[in-house]
Asker: 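Shown below is the structure under consideration.
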2 protein chains.
Amino acid sequence: MLETAILGLLNESPLHGYELRKRLNLLLGSFRAFSYGTLYPALKALVARGLIETADPEPTATTGRTARPPSGKAPLTTGRRGRIAYQLTPEGKEHLQTVLSSSGPAAWEDENFDVRFALFAQTDAETRLRILEGRRIRLTERLEAVREAAARTRERLDEYTLELQRHGLEQVEREVRWLDGLITTERDRARGRDRDHTTGAPDAPSPRSKERG
Amino acid sequence: MLETAILGLLNESPLHGYELRKRLNLLLGSFRAFSYGTLYPALKALVARGLIETADPEPTATTGRTARPPSGKAPLTTGRRGRIAYQLTPEGKEHLQTVLSSSGPAAWEDENFDVRFALFAQTDAETRLRILEGRRIRLTERLEAVREAAARTRERLDEYTLELQRHGLEQVEREVRWLDGLITTERDRARGRDRDHTTGAPDAPSPRSKERG
DNA sequence: GACTCGACGTATCGAGTCGATACATCGCGA
DNA sequence: TCGCGATGTATCGACTCGATACGTCGAGTC
């Protein structure tokens, strides 16, 4: 799912590897932190598949730091200030849209959910809701399984193991409640936004109508 | 750290791979779940290092099912009821004690802490406390780093990304509070167990007697 | 009896990921 | 001028997972 995260970030602006990694880790918060050993091969693979291509980075107009002029030699091995920026190709945009509109089990498993959630701003409302609900079911299933396994164990465990299990269960329960809140919010929004249809408008900049918080 | 978990489990009773994995995953609760592709190579490596050795499993005297006699051929490829039980060697026990009494950074990093915690029943009180405190510092450091990184970001993120970050921070904060409770419990126990020779007492808490309260 | 099915049990493989590391440029302060 | 830390690209070894293969065994089921 690293690939999806990359495509999602590049859909907002072209970026080079170093910056991409920083944003990636910021995007996923304190959860995951992809390393270069993962990122660069993934970029290569995406280029090979024609989903992204190299490009010039934005001049970063906010600060005065302009991109350096190509004064003199540029040892092609690794360019002398060798920024290699990437941007989506049309195929990449298309592929990203396909992925973002999918909501199968692959979207709500542990290793994918946070990436998909981080890209919710680019995901349509219906898919958001389906992913949240699928994730919720997945977690409650696991809750059930762990509780059952613990009950079936006739060996009595020491207090530390029990505390670890209790803590783990509590974490998952809290996650479920978090999802409940998100699902409620999404349903409310869907009700407020839509009376008869209107499934699209994924770009629509956030409706500042905060009056009904 | 899989190796430590294996040694810790085998220190209680000899086990074969299948059972070992079940207990391993029960031990670590809903956190981690080692797979066979991890377990069996680890067992091999431990045998090669002389820390564990094959043994006969316990006869499971509760039910009438006795271990089968070696009647006839036993295709050595995978024994016909090919349970291969493992037990600690003296070197293994010694190594386990060394590991369990260590409390360096390796003990409280993400990938090790839960295993070490699950083996707290076999760990002495002083080491328990050091690991818990080290873990707490580690988490607060991360909290600080993430908060700072978020503050330094001038790009304003969409609401979903923000929510993901908020949720992640909250999880870690809750983890810290969990550790606080455990640390308090451990300190109280140490006080109850030992009167005068308190090792560090960096907090120097007011000696209020809560046993009557 | 013959059939399937699911639990038990050992074992490997490919793919994905991390952490460490290497190498290079740049700006900055001592 | 020197080192140092941030920026920047890139690879390697080690670890882990999920899927899969192969095999035994007991319990149904018709």
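Each chain gets a letter, A, B and so on, in the order its sequence line appears, and its residues count up from 1.
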Asker: Report which part of the nucleic acid B:Gly17 touches: base, sugar-phosphate, or nothing (heavy-atom distance under 4.0 Å, all strands).
Answerer: sugar-phosphate
Asker: Which whole-number value in Å describes the distance from B:Leu15 CG to C:dG9 P?
Answerer: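 Interatomic distance, CG of B:Leu15 to P of C:dG9: 11 Å.
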Asker: Tell me which nucleotide among C:dC18, C:dT10, D:dA10 gets nearest to the side chain of A:Ser35.
Answerer: C:dC18
Asker: At less than 4.0 Å, is any side-chain N or O atom of B:Tyr36 found next to OP1 or OP2 of C:dA11? Yes or no.
Answerer: no
Asker: Send over the distance from B:Ile84 CD1 to D:dT24 C1', rounded to a whole Å.
Answerer: 14 Å
Asker: Quickly work out the A:Phe34 CZ to C:dG19 C1' distance and round it to whole Å.
Answerer: 15 Å
Asker: Compare the minimum distances between each of D:dT16, C:dA7, C:dT17 and the side chain of B:Tyr18, then state the nucleotide with the smallest one.
Answerer: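 Nearest listed nucleotide: C:dA7.
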Asker: B:His16 has a side chain; which of D:dT7, C:dT17, C:dG9 sits nearest to it?
Answerer: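 When the side chain of B:His16 is considered, C:dG9 is the closest of D:dT7, C:dT17, C:dG9.
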Asker: If we ignore angles and hydrogens, is there a donor and acceptor under 3.5 Å between the side chains of B:Trp178 and A:Gln171?
Answerer: no
Asker: Is any side-chain nitrogen or oxygen of A:Tyr40 closer than 4.0 Å to OP1 or OP2 of D:dT9?
Answerer: yes
Asker: Between A:Arg135 and A:Glu109, is there a side-chain N and carboxylate O pair less than 4.0 Å apart?
Answerer: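 So A:Arg135 does not pair with A:Glu109 through a salt bridge.
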Asker: Measure CG/A:Leu2 against P/C:dA15 and give the value in whole Å, please.
Answerer: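 In whole Å, C:dA15 P lies 17 Å from A:Leu2 CG.
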Asker: Hey, are B:Glu144 and B:Arg147 close enough for a salt bridge, meaning a charged N less than 4.0 Å from a carboxylate O?
Answerer: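 No salt bridge links B:Glu144 with B:Arg147.
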Asker: Round to the nearest Å and state the distance from A:Glu109 atom CD to D:dC17 atom C1'.
Answerer: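 Answer to the nearest Å: 13 Å.
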Asker: Mind checking who D:dC30 pairs with, Watson-Crick or G-U wobble, both distances under 3.5 Å?
Answerer: C:dG1
Asker: Among the nucleotides D:dT16, D:dT9, C:dT12, which one has an atom lying closest to any side-chain atom of B:Thr38?
Answerer: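 Between D:dT16, D:dT9, C:dT12, the one nearest the side chain of B:Thr38 would be D:dT16.
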Asker: Please check the phosphate of D:dT9 (OP1 and OP2 only) for any side-chain N or O of A:Lys44 closer than 4.0 Å.
Answerer: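 Result: no.
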Asker: Between atom CG in A:Leu39 and atom P in D:dT11, what is the gap in whole Å?
Answerer: 12 Å
Asker: Salt bridge check: are B:Glu175 and B:Arg136 linked by an N-O gap of less than 4.0 Å?
Answerer: no
Asker: Nearest whole angstrom, please: distance from the C1' of C:dG9 to the CG of B:Leu24.
Answerer: 16 Å
Asker: Side chain to side chain contact (heavy atoms under 4.5 Å, CB included) with A:Tyr160: which of A:Leu164, A:Asp158, A:Leu157?
Answerer: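 Only one option passes, and that is A:Asp158.
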Asker: Which whole-number value in Å describes the distance from B:Asp110 CG to D:dT16 P?
Answerer: 14 Å
